[in-house]
Amino acid sequence: MKVAVGSDHAGFEYKELIKKHLQEKGFQVIDKGTYSKESVDYPLFGEAVGKAVASGEADRGVVICGTGIGISIAANKIKGVRAALCTNEYMARMARKHNDANVLAFGARVLGTDVVLGIVDEFFSTEFEGGRHERRVSLLSKIETENL
Ligand code: RB5
């Protein structure tokens, strides 16, 4: 599986951690930046990861900023992206099972590293449940096509 990762300066160190963690687990990681702790604007990196997932360059994405809020909003502006801001493993599991989330978002200034790695593992090991959730996810796509 190919995973696009992106963060702003606040999320840079966590991005590096997640990148290494995913690579060790056999994922192919596409790093969309940022590449240092120098101050940058989170929308650019949410957009880059969102586009990578929507275009098929990557199967999934991970986006990180200080709170996870700004960068998840940015990623969700891209058609086809379902970015889920998660603060615990339960949310990561349900984001996959019920929402078929294709981008995981979290806040580097909100969570500790142990929690984050647990969230990442849950997100990447949980399958979409389908069934009634298929209809609901289709309704999410309908919002995109009917509100240009
Ligand atoms: C940067 O200071 C901060 O605003 C950003 O990382 C993020 O938390 C925005 O949502």
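In each ligand, atom 1 is the first atom listed, and ligand 1 is the first ligand listed.
Proximity of a side-chain donor or acceptor of Asp41 to a complementary backbone N or O of Pro43 within less than 3.5 Å is not detected. The backbone N or O of Ala4 sits nowhere less than 3.5 Å from a side-chain atom of Lys32 that would complete a donor-acceptor pair. Using modelled atom types, no side-chain atom of Asn99 and backbone atom of Ala101 make a donor-acceptor pair closer than 3.5 Å. Between the side chain of Asp8 and the main chain of Val40, no donor-acceptor pair closer than 3.5 Å is present.
Between Arg60 and Met1, the closest side-chain pair of non-hydrogen atoms falls below 4.5 Å.
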Pairs under 3.5 Å, N/O atoms on ligand 1 and on the protein: can you put them in a table with the distances?
residue, atom, partner, partner atom, Å
ligand 1, 2 (O), Arg109, NH1, 3.3
ligand 1, 6 (O), Asp8, OD2, 2.5
ligand 1, 6 (O), Gly66, N, 2.7
ligand 1, 8 (O), Gly66, N, 3.3
ligand 1, 8 (O), Thr67, N, 3.0
ligand 1, 8 (O), Thr67, OG1, 3.2
ligand 1, 10 (O), Thr67, OG1, 3.4
ligand 1, 10 (O), Gly70, N, 2.9

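Side-chain heavy atoms closer than 4.5 Å link hydrophobic residues (I, L, V, M, F, W, Y) into clusters, and following such links, possibly through other members, connects Phe123 to Val29.
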